[in-house]
Amino acid sequence: MQDEAAEGSSAGAASTETVLVVDDDVSTRASLLAVLAAAGIPAIGAASAEQALAFHADYAPALVVIDFLLPDRNGVELAEDLKEREPTLPVLLLAGQASLESALAAVGQVDGYLLKPMATEAFVEAVRRGLAHGALVAENRNLTARLERLSQNQALYDPLTGLPNRALHDDRINQALAICRRNHSALAILFIDMDGFKAVNDLFGHHVGDLALRELANRLAEARRRTDTIARFGGDEFVVVCPDVESVDVAYRMAEVILAELSRPVVIGANEHRLTASIGIVLTAPGDPHATADALLRDADLAMYGAKDEGKAAWKLFDETMRARAASRHAIEQGLRVAMEQDELVLEYQPVIDLLSGGIVGAEALVRWNRPGHGMVPPADFLGVADKVGLTRPLGHWILDHALADLARLRDSGTLPVGFHLWVNVSPRQIADLHFAELVVELTTAHGVPPVLLGLEIAEHAVRDVMTTENVLAALHDLGVAVQVDDFGSGESNLSWLQELPISGLKIDGEFVTALDAVRQYDGAAIVRGMIGLGHELRLTIVGEGVETHAQAVALRAMGCEFAQGFYFGRPGPFEQLVEPVP
């Protein structure tokens, strides 16, 4: 027997599957070690509980076989000590017939019982099963640890780009704020949003969109300073945290570099995607003790939307007026939601006149908001907000529904002029909705109004994407709904869509009509005459809008313009004025 060193086939170099045999009887211990050696199982022997605990610390055995009767304590007590050190360590207890009842008291402390005497094959098989179970437990433990590490990584990093995610990003901002307070320096936050990225996903699929985002993330990582942190905030939004900024010019230069990097074409497969970004910048005062991560992100986000409002592909520095505008926009948004529920919205109608007969041949429905405490609010003050906050479709639904109800009243009154059209403005969001034509059918049916009495006006910029609007406009055309282009001449469209889409007329922007009796009358007349000629060549009807003087009306009629609308003929007013003659 050895008192200091382990005895057995692996003494001094225990493997990960070494078995520790603990038995104070020399011959029994030697016999068990020999059996295990013959089976190819590395094993070491210990003569006491104390020695077994020491060997466990030195050799980290994969399994322990313990005799129930030991000189310094019983095997159950040793098993308890080992399990306390290593709860998943497999322990087999050797017990004679006389000690079996006491050994069974160890239920929960050992993983198996071996009754002496036992056959060699049974002993080896029991050990192998114990080792296999221990290996499985160890693998599960390792797998759990790996999963925990992976889960922790996923909790802090974006799986698509590998950049810090919002959770880690917030921590980095707080760290940067602490550094800036300690160094009495400024911190800049750049909030980046890709312009029109949704079109990449819609046209080419999210797989292509994901590849593009990875490329953009790599460019951002390369463009940053060593001390900056770039995080993916969500979707196509990124945030750059720039500590220790010497001046606002540093943030400006960073924004310019980022805009240049992100505007370079992204090539995926055979397609080249040209993208731009809008960036909002916020800068703290040096060592600002009151700045918080939430407030900085909120202000940078507001600045980013300011950049988008000014044409996109640009950066903008936050200032306090942005917060005031945001508060006003929020108040308008909340008020509009209530307005649609409580009938605070009002429709006014401006007549459309036949320039030859002077009679009313239509009217344009114009929405007003009778806002409590503010009076009648013109559409320019709330339609833009409605579009930004996602209220365009419900607001458009309200307008169309109430306009058709008024049209039904006019028809039922028996005073509906021949060829009359009630014109309703529709937004790009409405016309891009593939179910919009179904809504028109639903509402015209509900009010008992033939679709041929309805006309829709679409701003010129809304029909730039022919593929988006073509199916919707075709469905409206099949219903008999007239569609004309509003504010014609004010956009930047490729005029090919005038041939490709089922458009029935053009409405010349009032800016050009105003020029008909201005100093530059000759130039203005040439432009208007050209628009009218173009429209007629395409078999479209022409409406001159914004007519305010007799001279403008006369000029339009002389040029062959069929219809006109403006203050000269009548201001927007209640529905009842449509049944009254125009002076």
To the nearest 0.5 Å, what is the distance between [atom1] on [X] and [atom2] on [Y]?
X      : Y      : atom1 : atom2 : result
Ile189 : Leu297 : CD1   : CG    : 6.0 Å
Tyr252 : Asp249 : OH    : CG    : 7.0 Å
Arg393 : Leu391 : CZ    : CG    : 12.0 Å
Arg172 : Thr229 : CZ    : OG1   : 4.5 Å
Glu215 : Glu261 : CD    : CD    : 9.0 Å
Arg166 : Leu168 : CZ    : CG    : 13.5 Å

Taking only residues two or more places apart in sequence or in another chain, which ones pass salt bridge (Lys or Arg N to Asp or Glu O under 4.0 Å) with Asp58?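 None.
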
Would you say the side chain of [Y] lies within less than 4.5 Å of the side chain of [X], judging by non-hydrogen atoms?
X      : Y      : answer
Asp67  : Asp25  : no
Pro42  : Leu36  : no
Asn271 : His273 : yes
Leu476 : Phe436 : yes
Leu395 : Leu383 : yes

Of the non-hydrogen atoms in [X] and [Y], which two are nearest, and what is the gap between them?
X      : Y      : answer
Ser278 : Asp195 : OG-OD1, 2.7 Å
Pro164 : Ile230 : CD-O, 3.1 Å
Ala43  : Leu33  : CB-CD2, 3.6 Å
Leu283 : Ala188 : CD1-CB, 3.7 Å
Asp23  : Leu70  : CA-CD2, 4.2 Å
Ala231 : His169 : CB-CB, 3.5 Å

Looking at [X] and [Y], would you say the former's side chain and the latter's main chain have a donor-acceptor pair under 3.5 Å?
X      : Y      : answer
Asn201 : Phe204 : no
Lys316 : Ile281 : no
Gln51  : Ala47  : yes
Arg73  : Glu77  : no
Arg224 : Arg226 : yes
Arg29  : Val22  : no
Arg225 : Met254 : no
Thr284 : Leu187 : yes
Asp72  : Ala49  : yes
Arg232 : Leu213 : no

side-chain contact (heavy atoms from CB on, under 4.5 Å), that's the test. Do Asp299 and Met322 meet it? Break it down for me. CA-CA 8 Å; Asp299 293 346; Met322 294 179 183; over 6 Å; no

Mind running side-chain contact (heavy atoms from CB on, under 4.5 Å) on Ile44 and Val21 for me, showing each step along the way? CA-CA 6 Å; Ile44 54 177; Val21 177; over 6 Å; no

Pair Lys308, Asp193 - check salt bridge (Lys or Arg N to Asp or Glu O under 4.0 Å), show working. CA-CA 9 Å; Lys308 284 190 178 292; Asp193 184 86; 2.9 Å; yes

Could you walk me through whether Leu20 and Leu63 satisfy the side-chain contact (heavy atoms from CB on, under 4.5 Å) test, starting with their C-alpha distance in whole Å, then the side-chain angles of each, then the deciding distance to 0.1 Å, before giving a yes or no? CA-CA 6 Å; Leu20 172 60; Leu63 180 142; over 6 Å; no

Checking [Y] against [X]: is there a side-chain donor and acceptor pair closer than 3.5 Å?
X      : Y      : value
Thr292 : Asp294 : no
Glu86  : His56  : yes
Glu222 : Asn218 : no

Short N-O contact, Glu341 and Arg337, less than 4.0 angstrom: no

Would you call Glu320 and Arg323 a salt bridge, using N to O less than 4.0 angstrom? yes

Paired with Leu220, the side chain to side chain contact (heavy atoms under 4.5 Å, CB included) test is passed by just one of Leu262, Leu190, Val239, namely Leu262

Please test Phe68 against Leu94 for side-chain contact (heavy atoms from CB on, under 4.5 Å), starting from the C-alpha separation and ending with a verdict. CA-CA 6 Å; Phe68 180 74; Leu94 279 169; over 6 Å; no

Which residue in the set Phe318, Phe233, Tyr305 passes ring pair (Phe, Tyr, Trp, His ring centres under 6.0 Å) when paired with Phe191?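 In the set Phe318, Phe233, Tyr305, the residue that makes a ring pair (Phe, Tyr, Trp, His ring centres under 6.0 Å) with Phe191 is Phe233.
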
Are there more than 12 heavy atoms of other residues, nucleotides or ligands under 6.0 Å from atom CD of Gln175?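 Atom CD in Gln175 is crowded, with more than 12 foreign heavy atoms closer than 6.0 Å.
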
A quick test of your reading: do over 12 heavy atoms of other residues, nucleotides or ligands sit less than 6.0 Å from CD of Glu84? no

For salt bridge (Lys or Arg N to Asp or Glu O under 4.0 Å), just list the numbers for Arg329 and Glu333, CA-CA rounded to whole Å, side-chain angles, deciding distance to a tenth of an Å, and then say yes or no. CA-CA 6 Å; Arg329 183 168 61 191; Glu333 174 191 354; over 6 Å; no

Scan for side chain to side chain donor-acceptor pair (under 3.5 Å) pairs involving residues 237-247, sequence neighbours excluded, and state none if there are none.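 The answer is Asn183-Asp244, Ser185-Asp244.
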
